[in-house]
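Residue numbering restarts at 1 for every chain, and letters A, B, ... go by the order of the sequence lines. Quick note: numbers below take in every heavy atom, side chains included, and nothing from hydrogens, waters or symmetry partners. Everything quoted here is computed from the prediction, not taken from an experiment.
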There are 2 protein chains.
Amino acid sequence: MASRAGTLVDMTTSATPRERLLNAAGELFYRDGLGIGVDALCKAAGVSKKSMYQLFRSKDEVIAESLASRGPAYQAALLPGPDDERSPRERILTVFERQDQLAAEGNFLGCPFVSAAVELKDPEHPGSVVARHFKQHLTDFFRAELVAAEAEDPETLAVQLTLVFDGASARAVIRAQALAGIGTVTAAALLDAAGVRQTVGAGQAGQGS
Amino acid sequence: MASRAGTLVDMTTSATPRERLLNAAGELFYRDGLGIGVDALCKAAGVSKKSMYQLFRSKDEVIAESLASRGPAYQAALLPGPDDERSPRERILTVFERQDQLAAEGNFLGCPFVSAAVELKDPEHPGSVVARHFKQHLTDFFRAELVAAEAEDPETLAVQLTLVFDGASARAVIRAQALAGIGTVTAAALLDAAGVRQTVGAGQAGQGS
DNA sequence: GCCATCGTAAACCGATCGGTTTACGATGGT
DNA sequence: ACCATCGTAAACCGATCGGTTTACGATGGC
């Protein structure tokens, strides 16, 4: 092993083959689609095919694992941390603001989990299962915030927000007319309509209309 | 030619090779993804590869043309006809109701245009261009209805509704928790928030000004 | 009957697919 | 110094990829 033994870990080139492969897979599958060949994948990762096939059973498993390994970072990039003490409404809208920023950067190709599920078609594929789990986590986050905000129907609204998230993602993929920040605006409209306002737990029973 | 000459047209086997190919392509690309081979495609269409390659320049062109040919039928299945004289709000919600119905049928794999764009990645691919055009038409329909309903900001709301449409489509692909009719509910919430109600201004259905 | 046209079936091309195997260089434990 | 382990490089496998070509059957105009 070139790197694992030392007490210090070299950040640039020394990641274990598994990590290098998963990182390369996460990027290449996202950028070029799942159709990319294992030869190109291994070459980009600097890993031999033999190593890959003794770390993973198949390309499908690499797909699923690379998606799963991508989850935490993607979630950290979108969701506010527990230290963010703003109102639930603001914490929710942060997700959409960050997504809008990503989409504005140009190399955004939509939510990697939705893209993978679309390409896989088969909902039983391990990669599809991972994608479904990620979406569930996103919905869970929304629901928890909405419960904290004492929203009327947290479950429905949480799913609606997830739907908006995916819709904004789809618009980015298809590169429809710009209208910057449309995701955030739409999420805010739904929160407004449900009476979820800036303040938390103030016993505010007011309706949007 | 087996069919074109006769005055009577055989409905089952007589479509021209181009039509057979486009029909098969529309279905197979949607069901199995754009990765399906031209051999399988031609076999399913009952068309020789030679015929295909003298009807189209490349597989990419078949992709684009099959998407384009699918547009009118898909639009007809979703959008209300001009003879439907209900209020703009109801005409808009019809789109989401029909989409929810499609999604409930089980073999729904999301909007074919979004799926194609996701798989193609390249926004300049002829297929991506066709997909973008279809979305534009959908947004155009929403905007026209919202103008008729004298909504305050038809442009933004039209894009928001398209976003909801694509989000509902993504949820179907990923097979997230059911919550039937979530697309319709969300669209209705946005219309409510924008003050687009059942009746339009003077109670005149269809056109408003 | 003749012939051009349209279309299918299938062989063929080089490249690449997912996956396996062979061979060999570096490493670390003892 | 020895040797097992880990990893890479590359050959190799049958199948399939997108695309071309050859050969031949059916059709309709004249």
| query | Within 45° of the ring axis of F141(A) and under 6.0 Å from its six-membered ring centre, is that where the NZ or CZ of R91(A) lies? | reply |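 Geometry flag: not set, cation outside 6.0 Å or 45°.
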| Selected nucleotide, minimal atom distance to S48(B) side chain, candidates dT8(C), dT8(D), dC17(C) |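 Among dT8(C), dT8(D), dC17(C), the one nearest the side chain of S48(B) is dT8(C).
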| If you check the K49(B) side chain, which of dC17(D), dG18(C), dT20(D) turns out closest? |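 Of the options given, the side chain of K49(B) lies nearest dT20(D).
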| query | Between D166(A) and R171(B), does a salt bridge (charged side-chain N to carboxylate O under 4.0 Å, His left out) hold up when you go through it step by step? | reply | CA-CA 8 Å; D166(A) 289 336; R171(B) 286 193 66 76; 5.1 Å; no
Between [N] atom [atom2] and [X] atom [atom1], what is the distance in whole Å?
{"X": "E19(A)", "N": "dG7(D)", "atom1": "CD", "atom2": "P", "value": "11 Å"}
{"X": "D39(A)", "N": "dC12(D)", "atom1": "CG", "atom2": "P", "value": "15 Å"}
{"X": "D32(B)", "N": "dC17(D)", "atom1": "CG", "atom2": "C1'", "value": "16 Å"}
{"X": "R57(A)", "N": "dG19(C)", "atom1": "CZ", "atom2": "C1'", "value": "15 Å"}
{"X": "M52(B)", "N": "dA9(C)", "atom1": "CE", "atom2": "P", "value": "15 Å"}
{"X": "L21(B)", "N": "dG19(D)", "atom1": "CG", "atom2": "P", "value": "13 Å"}
{"X": "R18(A)", "N": "dT8(D)", "atom1": "CZ", "atom2": "P", "value": "14 Å"}
{"X": "F56(B)", "N": "dG7(C)", "atom1": "CZ", "atom2": "P", "value": "12 Å"}

| message | Both V38(A) and L55(B) contact DNA chain C. Which one's nearest nucleotide lies toward the 5' end? | response | L55(B)
| task | Would you check if there is a donor-acceptor pair between the side chains of S51(B) and R18(B) at a distance under 3.5 Å? | result |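 No, no side-chain donor-acceptor pair sits under 3.5 Å.
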| task | Could you check whether the rings of F113(A) and F134(A) sit parallel, tilted or perpendicular, using 30° and 60° as the cut-offs? | result |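 Answer is parallel, since the angle falls under 30°.
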Strictly below 4.0 Å: does [X] bring a side-chain N or O up to OP1 or OP2 of [N]?
{"X": "R20(A)", "N": "dT8(D)", "result": "yes"}
{"X": "S51(A)", "N": "dT8(D)", "result": "yes"}
{"X": "Y53(B)", "N": "dT20(D)", "result": "no"}
{"X": "K59(B)", "N": "dG18(D)", "result": "yes"}

| remark: Each base of DNA chain D marked ( ) or [ ] if paired in-strand (Watson-Crick or G-U under 3.5 Å), | if paired to another strand and . if unpaired gives ||||||||||||||||||||||||||||||
| query | Does the salt bridge (charged side-chain N to carboxylate O under 4.0 Å, His left out) test come out yes or no for D153(B) and R143(B), once each step is laid out? | reply | CA-CA 9 Å; D153(B) 187 352; R143(B) 191 192 307 106; over 6 Å; no
| said: Would you compute the distance between atom CG of L109(B) and atom CZ of R175(B) and round it to the nearest 0.5 angstrom? | reply: 6.5 Å
| Aromatic ring proximity F142(B)/F96(B), centre distance under 6.0 Å |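 Yes, the ring of F142(B) comes within the 6.0 Å limit of the ring of F96(B), centre to centre.
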| field | Nearest-nucleotide 5' precedence on DNA chain D, I36(B) against G46(A) | value |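 So the residue in question is G46(A).
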